[in-house]
Amino acid sequence: MKTALRFALPFCLLASTTTLASAQQQCGGDLAPFLAGVKAEAVAAGTQAEAVDKALAGAAIDQKVLSRDRAQGVFRQTFLEFSQRTVSQARLDIGKQKIKEYADTFRRAEEEFGVPAGVIAAFWAMETDFGAVQGDFNTRNALVTLAHDCRRPELFRPQLIALTKMVEHGDLDPATNTGAWAGEIGQVQMLPKDIIEFGVDGDANGHIDVKKSSPDAILTAAKFIQHLGFKRGEPWIQEVTIPDNLPFERSGLGGTMTAGEWFKLGVAPRDGNTGFQNLQVSLVLPQGRKGPAFITYPNFNIYLEWNQSFIYTTSAAYFATRLTGAPPYQKGNPEPGLDTEQMKMVQTKLEGLGHDVGKIDGILGSGTRAAIQKEQQRLGLVPDGWPTAAFLNAL
């Protein structure tokens with residue numbers, strides 16, 4: 001299942017000469033001169049001209065890509081809704097079977113890159129259902145479309161340049177390769193620039209094919225996750241039970257307390273593992289203090305780099321723990337949340353109080369959560385970041 005482009009990843013323009021500065025910034029206008037500029041930049045970056053010509057031959061603007069870009073969906077489901085759907089028993093069973101099937105590859109991933117099988121397999125499942133649903137957009141045309149469009153060319157032009165290098169390596173057929181609408185490719189949905197930089201030939205056939213080769217996809221994902229900062233041997237997320245009398249104003253992402261400090265306050269890991277007390281963690285409550293509760297360790301940051309959606313990242317991290325033996329989370333009994341129109345009212349009121357909640361879109365994003373928490377505390381409510389009808393009325 002493809003969810004969203006990972007805009008949190010470090011997109012960097014490839015090196016080019018000063019004479020190509022104007023070409024780097026080019027977007028819009030006729031397609032032919034735009035592609036000529038892309039070719040000049042790719043050649044200057046080291047790709048053979050013949051490979052660039054092959055990569056760009058027949059390139060066209062895909063209006064369906066622009067439509068998807070303009071109408072990107074944002075998670076409107078709650079954590080319980082989204083995680084129950086994505087972390088299904090069927091997916092867990094398939095994930096465990098895949099880990100067994102590719103045991104040698106997963107063992108190599110952990111030995112060389114320090115990333116456990118469950119972490120990789122969870123992304124594999126959530127991105128493409130283990131390779132079954134990889135997207136049907138022509139990758140070359142998707143990247144041409146988004147690089148040519150003037151909304152975010154600085155994000156997509158480097159990916160188009162990287163695609164020409166993949167063509168030169170013989171790792172991608174520009175006429176037939178398909179993937180996600182935003183240019184991501186393969187079983188774990190990675191962008192060309194990341195495949196070039198972190199690709200691993202897992203099946204030793206001389207090519208990196210993250211679309212058709214599961215060993216290539218698994219090891220490339222592992223190397224990329226290591227690059228994002230995953231620390232060998234450390235946890236990423238841990239379900240906990242919590243007492244009622246916590247300093248909830250200190251909960252939420254970006255926490256400033258250690259695991260040990262939370263444990264002393266009565267936060268208790270369900271798996272009983274308190275061996276990482278000195279690590280700085282966050283207490284996250286996706287649906288408030290009455291719903292599921294987790295502490296997230298520094299390794300959770302790689303999930304936020306992979307995808308900025310709090311609901312997606314928390315679900316993916318939880319999925320990985322299930323694949324490594326954790327039990328299902330305790331659902332609790334969270335208070336009913338707000339519908340989209342009510343959330344827009346909350347955001348409008350918060351903005352009027354001086355909070356930066358970004359776009360008034362009815363989405364409970366990180367900025368809105370933080371603002372809600374501050375106002376809950378000011379109003380004498382429990383500051384757990386979960387908006388309810390009582391909060392809206394008090395606001």
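We count residues from 1, following the sequence as given. Note that the coordinates shown come from a computational prediction; the quantities given were computed from them, not determined experimentally. Computation of the quantities below employed the complete heavy-atom set of this structure, encompassing side-chain atoms and omitting hydrogens, waters and symmetry-equivalent molecules.
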Listing, residues 107-117 side-chain donor-acceptor contacts under 3.5 Å, not counting sequence neighbours, or none:
from, atom 1, to, atom 2, distance (Å)
R107, NH1, D104, OD1, 2.6
R108, NE, E112, OE2, 2.8

Determine whether more than 12 heavy atoms belonging to other residues, nucleotides or ligands lie under 6.0 Å from atom CG of N278.
-> no
Is the count of non-hydrogen atoms from other residues, nucleotides or ligands lying under 6.0 Å from N273 atom CG greater than 12?
-> yes
Might you point out which heavy atoms bring [X] and [Y] nearest each other, and give the distance in Å?
| X | Y | value |
| --- | --- | --- |
| T368 | Q347 | OG1-NE2, 3.1 Å |
| P215 | G202 | CB-C, 3.8 Å |
| A182 | L191 | O-CD2, 3.6 Å |
| S315 | T86 | CB-OG1, 4.2 Å |

We want to know whether [X] and [Y] form a side-chain donor-acceptor pair, criterion being a heavy-atom distance below 3.5 angstrom.
| X | Y | answer |
| --- | --- | --- |
| N177 | T139 | yes |
| T241 | Q330 | no |
| T178 | N138 | no |
| D93 | Q97 | no |
| T128 | Q134 | no |
| H355 | E375 | yes |

Can we say [X] and [Y] salt-bridge, meaning some charged N sits less than 4.0 Å from an Asp/Glu carboxylate O?
| X | Y | value |
| --- | --- | --- |
| D53 | K39 | yes |
| K264 | E261 | no |
| R289 | D244 | no |
| R157 | D149 | no |

Test side-chain hydrogen bond (donor to acceptor under 3.5 Å, both in side chains) on Q373 and S251 and set out the steps.
-> CA-CA 9 Å; Q373 207 167 9; S251 65; 3.0 Å; yes
Please tell me whether [X] and [Y] are part of a single hydrophobic cluster in this structure, the criterion being side-chain heavy atoms less than 4.5 Å apart.
| X | Y | answer |
| --- | --- | --- |
| I311 | I237 | yes |
| Y318 | L285 | no |
| I218 | F319 | yes |
| I196 | V167 | yes |

Distance-only donor-acceptor pairs under 3.5 Å for side chains of residues 293-300, two or more places apart:
from, atom 1, to, atom 2, distance (Å)
Y297, OH, Q238, OE1, 2.6
N299, OD1, K231, N, 2.6
N299, ND2, K231, O, 3.0
N299, ND2, E234, O, 3.0
N299, ND2, P235, O, 3.4

Output, in order, the C-alpha distance, side-chain angles, deciding distance and verdict of side-chain hydrogen bond (donor to acceptor under 3.5 Å, both in side chains) for N307 and T313.
-> CA-CA 6 Å; N307 189 303; T313 55; over 6 Å; no
Between atom OG of S214 and atom CD of Q187, what is the distance when rounded to the nearest 0.5 Å?
-> 3.5 Å
Look up atom CG in L253 and atom OG in S282, then write down how far apart they are to the nearest 0.5 Å.
-> 5.5 Å
Aromatic ring pairing Y312/F82, orientation class (parallel under 30°, perpendicular over 60°, tilted between) | tilted
Which word best sums up how the rings of F106 and W124 line up, parallel for under 30°, tilted for 30 to 60°, or perpendicular for over 60°?
-> tilted
Residues two or more places apart in sequence or in another chain: which of them pass side-chain hydrogen bond (donor to acceptor under 3.5 Å, both in side chains) with R232?
-> none
Counting distance only, does the side-chain N/O of D194 pair as donor-acceptor with the main-chain N or O of F198 below 3.5 Å?
-> no
side-chain contact (heavy atoms from CB on, under 4.5 Å) assessment of L160 paired with L56 = CA-CA 9 Å; L160 181 56; L56 300 180; 4.2 Å; yes
Let me see the working for I185 and M190 under side-chain contact (heavy atoms from CB on, under 4.5 Å), right down to the final yes or no.
-> CA-CA 5 Å; I185 303 167; M190 293 180 65; over 6 Å; no
Under the side-chain contact (heavy atoms from CB on, under 4.5 Å) criterion, do V210 and V188 qualify, and how do the steps go?
-> CA-CA 8 Å; V210 295; V188 289; 5.5 Å; no
Are E184 and F137 close enough, and set up right, to give a side-chain contact (heavy atoms from CB on, under 4.5 Å), and what steps lead you there?
-> CA-CA 10 Å; E184 293 134 320; F137 289 86; over 6 Å; no
How far apart are the C-alpha atoms of T321 and E239, what are their side-chain angles, what is the distance that settles it, and do they pass the side-chain hydrogen bond (donor to acceptor under 3.5 Å, both in side chains) test?
-> CA-CA 9 Å; T321 66; E239 189 191 0; over 6 Å; no
Derivation and outcome, salt bridge (charged side-chain N to carboxylate O under 4.0 Å, His left out), residues K344 and D361 | CA-CA 6 Å; K344 287 182 179 179; D361 55 8; over 6 Å; no
Residue that, paired with F123, satisfies ring-ring contact (aromatic ring centres under 6.0 Å, His included) out of W236, F130, Y303 = Y303
Please report the C-alpha distance between T256 and R250 in whole Å, then the side-chain angles of each, then the deciding distance to 0.1 Å, and finally whether the side-chain hydrogen bond (donor to acceptor under 3.5 Å, both in side chains) criterion is met.
-> CA-CA 8 Å; T256 58; R250 302 190 70 175; 3.1 Å; yes
